There are 2 protein chains.
Amino acid sequence: MKTDSQAIYADLKEKLMNARFGPGEKLKPAALQGEYGCSANTVRDILLRLTKVGLVEFEMQRGFRAQYTSPDKRNDVTRFRTMLEQEGATLSMKLGGISWEADLSAAHHKLSHLEREFERSGDLAEQPENMKLWTNAEWSFHDTLISRCGSPMLRETYENVYGQFRQQMVAQERDFGRSYFSAIIAEHQTILDAALSRNVEACRQAIHDHLKRNYVDTKPLEEVV
Amino acid sequence: MKTDSQAIYADLKEKLMNARFGPGEKLKPAALQGEYGCSANTVRDILLRLTKVGLVEFEMQRGFRAQYTSPDKRNDVTRFRTMLEQEGATLSMKLGGISWEADLSAAHHKLSHLEREFERSGDLAEQPENMKLWTNAEWSFHDTLISRCGSPMLRETYENVYGQFRQQMVAQERDFGRSYFSAIIAEHQTILDAALSRNVEACRQAIHDHLKRNYVDTKPLEEVV
DNA sequence: TTTGTCAAAAATTTTGAAATTTTCGATTTT
DNA sequence: AAAATCGAAAATTTCAAAATTTTTGACAAA
């Protein structure tokens with residue numbers, strides 16, 4: 001397999017996000033080297049870069065690991081994602097214009113189309129190719145939601161956290177059956193409606209409700225305090 | 001100069017945060033190699049790691065640069081820092097107990113002691129050694145403020161953003177004279193009082209007021225919208 | 001059984017050089 | 001003059017091996 005480092009980066013990132021490496025699994029450059037037909041140092045270089053987006057853990061003198069998983073970690077990542085998405089969406093609602101509404105509607109349209117198909121026949125979601133379509137559409141919708149926040153740093157951080165969120169949740173091997181899609185169709189719709197009507201509080205609530213299923217062993221922070 | 005990579009990392013980080021490299025300045029492993037008596041690849045490795053904390057920019061096939069600066073960038077970093085600190089402080093006020101109050105009081109005590117000395121005789125702040133003391137005390141106060149937020153990710157992100165904030169602002173070469181310290185003494189006090197009295201809105205406002213001098217060419221977002 | 005030691009094995013980091021890509025300036029073309 | 005071309009120089013990436021550090025497992029001591 002002959003590939004340049006961009007492709008190796010993309011491939012490793014994809015595998016990380018889809019839990020093709022177990023949580024906390026050691027990532028040894030020397031071992032991955034063969035897989036990609038490059039030197040161990042090239043792999044090291046790439047893993048160092050994946051560290052920046054939070055998918056890989058690095059510790060001096062003891063190498064790399066796929067991000068570990070735990071209930072606390074999952075709670076943390078969903079709580080932080082919720083916070084960033086709420087802030088980003090709130091700012092977008094204040095700053096975004098017609099073009100934002102158009103972009104968001106378009107992203108939602110694509111997403112809900114897919115989700116309704118998956119709801120109709122659960123088998124479709126079995127195919128990795130279809131899941132990848134949904135995955136992209138879901139990302140696109142949430143990214144568009146915060147796209148007019150006016151803060152590149154918030155947006156970039158959100159992107160990284162979204163990736164880590166997916167990494168954590170895919171590792172959980174949840175059931176993506178028909179009922180899952182029924183639920184999230186409604187949730188995405190609620191977020192869209194609140195956003196388009198510029199109802200800040202409703203939108204924050206809808207984002208929270210969309211993500212709250214991912215809290216484990218405890219309640220979301222806002223309910224705890 | 002013979003040092004291990006930990007020391008090189010620390011030294012480069014310190015230089016970056018104190019604007020010893022100009023904004024956007026190219027960081028060439030081959031050039032820095034001599035400075036540290038190690039190979040160019042070791043420097044590359046370290047720069048890749050500094051990328052994770054946002055002090056260094058990396059672009060494929062075109063190397064590393066110290067983070068660039070611009071009014072937009074400075075606005076973004078202070079806006080994002082404000083947001084994270086407000087959230088972190090709010091959560092700490094809800095979750096933190098007596099030990100948090102004690103830690104925060106202690107951190108503030110050290111900080112205000114230094115600041116009053118600097119206020120009394122402006123010359124003290126000229127010495128780099130003294131500024132480093134203040135720098136550490138300031139960080140400690142703000143970190144303690146959010147320390148009970150219950151979210152490791154929020155805290156780690158805040159740490160990175162705080163570092164970038166410092167990098168941006170030090171590059172501005174602002175005047176750290178007596179009047180500067182007079183102003184921030186009051187601001188830190190206001191934050192402390194609001195935090196200890198668990199007055200969420202007052203604390204958010206105090207954090208905002210503390211950072212608002214750093215907005216340039218535009219008003220802080222909350223005032224724009 | 002537990003703890004400690006120590007050498008072998010495995011893994012990580014560092015190196016110096018080769019391969020590749022980008023940058024820069026001079027020259028040519030439009 | 002402006003834009004395109006081309007080759008040399010500079011910078012970046014990749015490599016394979018050497019140096020260093022950590023981990024492992026066997027054996028000894030408490």
Side-chain angles (χ1 to χ4, degrees), chain A residues 1-16 19-70 156 167, chain B residues 1-16 19-70 156 167:
Chain A
M1 182 190 252
K2 189 66 177 181
T3 35
D4 60 308
S5 70
Q6 294 218 38
I8 302 174
Y9 179 95
D11 188 71
L12 279 173
K13 182 169 180 179
E14 190 272 331
K15 282 185 173 136
L16 257 350
R20 303 278 298 281
F21 296 107
E25 180 176 338
K26 214 142 188 340
L27 302 170
K28 288 182 260 194
L32 267 34
Q33 166 186 32
E35 185 100 22
Y36 294 111
C38 65
S39 83
N41 251 13
T42 300
V43 176
R44 177 187 171 80
D45 193 288
I46 290 165
L47 289 174
L48 234 19
R49 284 193 272 141
L50 282 164
T51 262
K52 179 180 145 120
V53 298
L55 261 17
V56 168
E57 282 272 284
F58 170 74
E59 205 180 349
M60 282 268 295
Q61 311 285 20
R62 68 196 52 168
F64 304 91
R65 287 177 182 281
Q67 188 69 256
Y68 70 92
T69 281
S70 73
E156 186 189 323
Q167 180 185 39
Chain B
M1 182 191 254
K2 190 67 177 182
T3 35
D4 60 308
S5 70
Q6 293 218 38
I8 302 175
Y9 179 95
D11 188 71
L12 280 173
K13 181 170 180 179
E14 190 272 332
K15 282 185 173 137
L16 258 348
R20 304 276 298 280
F21 296 107
E25 180 177 338
K26 213 139 189 341
L27 302 170
K28 289 182 259 194
L32 293 156
Q33 167 187 29
E35 185 101 21
Y36 294 111
C38 65
S39 82
N41 253 8
T42 299
V43 176
R44 176 187 170 82
D45 193 288
I46 291 165
L47 289 174
L48 235 19
R49 283 193 273 142
L50 282 164
T51 263
K52 178 180 148 128
V53 299
L55 262 17
V56 168
E57 281 272 285
F58 170 74
E59 205 180 349
M60 282 266 297
Q61 310 285 21
R62 72 195 49 169
F64 304 91
R65 287 177 181 281
Q67 189 68 256
Y68 70 92
T69 282
S70 73
E156 186 189 322
Q167 180 186 39

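Since we're looking at a predicted model, the values are computed, not measured. First the proteins, then the strands, lettered A, B, ... as listed; each starts at 1.
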Whole angstroms only, please: what is the [atom1]-[atom2] distance between [X] and [N]?
X	N	atom1	atom2	answer
B:Gln6	D:dT20	CD	P	17 Å
A:Ile8	D:dT14	CD1	C1'	10 Å
B:Leu32	C:dT14	CG	P	15 Å
A:Gln33	D:dC15	CD	P	8 Å

Pairs: protein N or O with nucleotides 6-13 of chain D N or O, under 3.5 Å:
| unit_1 | atom_1 | unit_2 | atom_2 | d |
| --- | --- | --- | --- | --- |
| D:dA11 | OP1 | B:Lys28 | NZ | 2.6 |
| D:dT12 | OP1 | B:Lys26 | NZ | 2.7 |
| D:dT13 | OP1 | B:Gln61 | N | 2.6 |
| D:dT13 | OP2 | B:Arg44 | NH1 | 2.1 |
| D:dT13 | OP2 | B:Arg44 | NH2 | 3.4 |

Starting at [atom1] of [X], measure out to [atom2] of [Y] and round the result to the nearest 0.5 Å.
X	Y	atom1	atom2	answer
B:Gln167	B:Lys15	CD	NZ	14.5 Å
B:Leu16	B:Leu47	CG	CG	8.0 Å
B:Phe58	B:Arg44	CZ	CZ	5.0 Å

Using OP1 and OP2 only, check whether a side-chain N or O of B:Thr42 sits under 4.0 Å from C:dT13.
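It does not, given that no N or O in the side chain of B:Thr42 lies less than 4.0 Å from OP1 or OP2 of C:dT13.
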
Please say which of B:Asp11, B:Asp4, B:Leu12 ends up in a side chain to side chain contact (heavy atoms under 4.5 Å, CB included) with B:Ile8.
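Of all the options given, the one that passes is B:Leu12.
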
Can you confirm whether A:Lys13 sits close enough to A:Leu50 that some side-chain heavy atom of one is under 4.5 Å from a side-chain heavy atom of the other?
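When only atoms from C-beta onward are counted, A:Leu50 and A:Lys13 do touch, with a gap below 4.5 Å.
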
All side chain to side chain contact (heavy atoms under 4.5 Å, CB included) counterparts of B:Glu156, not counting sequence neighbours:
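Partners of B:Glu156 under the side chain to side chain contact (heavy atoms under 4.5 Å, CB included) test: B:Lys52, B:Asn160.
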
